[in-house]
Amino acid sequence: MKKHPRFLSLFLFIGVFIFVIVPFVPLILTSLSFGWRWPDVVPQAWSLRAWEYVMNDGRTWQAVGISLWIALIVTTINIILAVPAANAMMRYPVRGRWLFEAIIFAPIIIPPFISVMGIHLTFLRLGLTETVFGVVLAHIAPTLPYMFRAVMISYQTLSTDWEDQARMLGAGAMPRFFHVVLPHLLPGIVAGASLSVLISLSQYLITFIIGAGQVVTLPILLFPFISGGDPGIASAYSLLYAAIAILALIVMDAALKRYYQMNKAAQNQAKGVKP
Amino acid sequence: MNDLRIIDMEKRYKSAQPREENSFMLRPVRLAIREGEFFSLLGPSGCGKTTLLKLVAGLLEADGGEVWVGDENLTNVPPESRRFAMVFQQSLLFPHKTIEDNVAFGLKMQKVGKQQRLKAAHGMLEHVGLSGFGSRFPDDLSGGQQQRVALARALVANPRVLLMDEPFSALDPGLRVEMRELLSRIQKEFRVTVLFVTHDRDEAFALSDRIGVMGEGKLQQVGSARELYERPETTTVASFLGLRNILGGVIENGHFASTDQLIQAAVNRPLANGDYFMIIRPEALKTVESDQLGQVRIKGIVQELKYGRGMYSLKVKAGHQLMECMLTISQAEKIAVGEPIDLFVDMKEVWFLKK
Amino acid sequence: MKIYAITAVSSLVLALSACSSEDAGNATDADSLLTDDWEVIQEAAQGQEVNMYMWGGNDNINNYLDEWVAPRLKEQHGVELNRVPMNDAQDIINQLLDEKTAGKTDGSMDIVWINGENFKAAKDNGLLWGDFTGQLPNFNDYVDAAAPEVSEDFGEPVEGLEAPWGKAQFVFVHDKAQDETPPKSMDELADWVKEHPGQFTYPAPPDFTGSAFVRHVLYETTGGHEQYAQPAAEIEDLEQRLEPMWQYLNSIEPYLWREGETYPESLAKQDQLFASGEIEMTMSYDPALAASEVLKGRFPESTRTYLLDGGTLANTHFLSIPFNASDKAGALVAINELMSPAAQTAKLSPENWGDLTALDLEKLSPEEQQAMNEVDLGEATVSIEELEQNRLPELSSDYIDIIEKGWAEHVAKE
């Protein structure tokens, strides 16, 4: 049952190829080309100019570090906020629950620009602008809804019977959470965290306004080149950005797999029967 | 003695007014279960038996009443501290833990050392016939095996009371019988007090020392299987136990006359005059006249004849009443649907219920 | 719940930041820098870190600042220059506006790169520090302060609030291999366009360059720029005067790229069309841009720039210091250094940037003049002399507003 028919996996492969790999091709070619002009299908001459600029600029690596650092903190805070919030929403008949949900989901629907303009002055007065911390707080608004949604869906599939069962086996609130609820939520948390990391990494406007040039993430470096019309450097930055994002996803996925494998390993160690 | 005592526990619907008559999900129940006893709560779905079980467990908050074990009042003790165990309809094994970790979970919660708790878990798995399965994961096991693990997990921490909520109802019938035997054996071996909820009469009869029949949010009658079957106290209990030959009538001066005039017979017990139900167990209806005294004849027409497990069940239309009885194969050979038939009631075997 | 979290955390941060804000105190006596001797300023600048907020979309410009200017500043003056990349100078103004409203006194922006509308907005809202250019030795020695392109920025009096950094002049860009004799007036352009349908277009205003192209049309079709020296509100028949411009633009529209149904939304888009050979001409407000694009291989080797016979628009871009800059002394030293003949000469070179100098050539020493003249601007660039001789002044921003709105109404809609 778990094996897909062969044509299905072929179909998947082609789909992945067309939608994921193909868009990268022109980016790669553009970043390496020297004078790629119509009607040439591929560049006639090559140049490492764009990559040299991107790689040699000390800001690039600083920006990569700061981007990831912000994404990490944002995601951690999101997890800490979303899990109890989802728990409360799903498990207790909160009055005016729709209002809470509306507030949490609002940043998906309302453009972040509007709210950021609003909080900019407040953040200025509180001295939060130009700080990584201020940017982290600002990133929470557009990322938390996705985390919250993912965790809430995980909660929906977790019947209270599981917790009741653990309770009847003598588990208090904390052990119940760590032994029953958390393992069940984990795939949802990882899904939410992936979205949270990706969205945080891709924020330009919010980072720009709150960070005010002092918090330089990758999009801050990338955007002027897109609008300035230097496709070579813009492509190189975009590729670097994509690589960082993909790397972040792979690391998170690997962490989840590792978590499951730690359990499987115990099994193999004991028996060595099933893989 | 560590008897389980349930004293006037009740549960009401949240939305209902407190004094309203229909506000009860469960009317006050008073019940004492002896230590080591196997007690079943039997009833149709929605009768309140699972509600009662969860009240005892503490998973539901009671609107009144108390739970005691021995001289300890557990009413306000949270469920995780009651030292009860519970097996649900689904096995609810933790999917990310191995079988042995699942079984040892209760001991882990009691802070028992790893070596010791795994040893206990392995021992318990052996009892349920699953030794060697410890390092597998729940997904690798069949439904029956999973439920056996659930049983082992519930028992390993030596609970004061084992609560079971229709634990076998999701299994195949054959497996169900096997599980009953396993449970029966283990219960006797560990002398654990069991409160078992089921809607399956045969299951309750096969396992229980005593049975409480529940219906309409109320504990109707408590007794051994035989007491309940032969001397039901209400028509609700009677009909739930499969006694469908119930005739309304009047007893006057030791003589019963059914309202539809189907039966008129002398009553062989001293009963006061009044309105009564006469309950005739299927076994008390015969198609052949024996030479015994006190038999009453009923005339009817064969409505249905069905084969089941070595016996035929027969439905006969007599007046407006549909009578059920059991026949041997040789008796059934002479009978055809649509033909008239005489049924004979052994008046010694009938049971009267005052209206 | 989120709001509680934010308030809780922010009050914590506030408490923490209170400890570190005391060293911002020296910003209050910064105004004495406007009168202090240069030595005092240099002394005060030692060890300051200066944040320069500027558009960051050109690797040449970025490298010029990071690799040419910054190390020299550090070595010779002990001032650390930190370039902060921005997407648009407009964002700088918005940011400063918010900081002004919030009363932020220890701002991070020490130098900002602005001109035109942004300068006017900054000046009108009091976002700039003060009359500082007189303090800069290089400004006093090498700049002709009375020249209109220095004393006015798009018609707005500069009043010492910003120091000239470089000059830009509008040029047309074409491929010599395709056409030896490009159109050098608007009349010629109209004929050329009809002969080469689909080969010409211009970025839709309010794109900066597209808007400048339309101003050239204005000058040539309505009889010169002199009449627009007074404020727009004082010309009563302005609408009638502009009419020939709209007629001209509509008359060439059917022969434009995509028959004028759409216009490129930015110069970047238009350059892309030129680079890919879809159109034969583009334009730029940076006379050396074509040369640097050739160096990068984006434009063909045969790319050339040229001016209109009647001259093209020129403007100056400036460096300024915001009202709340934390390191004003450092900013003064850095700006002075950016205006030095050496830095200006390096800036002129196309491999660094190719930006025209803001200095008055006649005020330079003969050696300095020679150094500047020896810079190879590249084949694609018109000589400095020719540029200097064919300058037209810019319009003030009230006109620009009217023209940009009018274009949307008269040209884009019809």
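All values below come from the heavy atoms of this structure, side chains included, with hydrogens, waters and symmetry mates left out. Being a predicted model, the structure only gives us computed values, none of them experimental. A note on names: the letters A, B, ... follow the listed sequences, proteins ahead of strands, and every chain is numbered from 1.
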Got [X] and [Y] here, is their nearest side-chain heavy-atom distance under 4.5 Å?
{"X": "A:His184", "Y": "B:His96", "result": "no"}
{"X": "B:Pro95", "Y": "A:Trp162", "result": "yes"}
{"X": "A:Arg176", "Y": "B:Glu80", "result": "yes"}

Would you say [X] has more than 12 foreign heavy atoms packed within less than 6.0 Å of its [atom1]?
{"X": "B:Glu66", "atom1": "CD", "value": "yes"}
{"X": "A:Arg149", "atom1": "CZ", "value": "no"}
{"X": "B:Gln115", "atom1": "CD", "value": "no"}

If I measure from the heavy atoms of chain A, does [X] come under 4.5 Å with its side chain, its backbone, both, or neither?
{"X": "B:Arg82", "value": "neither"}
{"X": "B:Leu59", "value": "side chain"}
{"X": "B:Ala157", "value": "neither"}
{"X": "B:Leu93", "value": "backbone"}

Determine the minimum heavy-atom distance between A:Gln165 and B:Ser91, stating which atoms define it.
OE1-O, 4.1 Å
Smallest heavy-atom separation, A:Pro175 atom then B:Met109 atom, equals CB-SD, 3.6 Å
So how far is it from [X] [atom1] to [Y] [atom2], rounded to the nearest 0.5 Å?
{"X": "B:Phe84", "Y": "A:Arg167", "atom1": "CZ", "atom2": "CZ", "result": "13.5 Å"}
{"X": "B:Lys54", "Y": "A:Met168", "atom1": "NZ", "atom2": "CE", "result": "10.5 Å"}
{"X": "A:Glu163", "Y": "B:Leu92", "atom1": "CD", "atom2": "CG", "result": "11.0 Å"}
{"X": "B:Lys108", "Y": "A:Leu169", "atom1": "NZ", "atom2": "CG", "result": "12.5 Å"}

Using a cut-off of under 4.5 Å on heavy-atom pairs, state which of A:Val180, A:Thr160, A:Asp161 scores highest against chain B.
A:Asp161
Under a 4.5 Å heavy-atom cut-off, does chain B meet the side chain of A:His179, its backbone, both or neither?
both
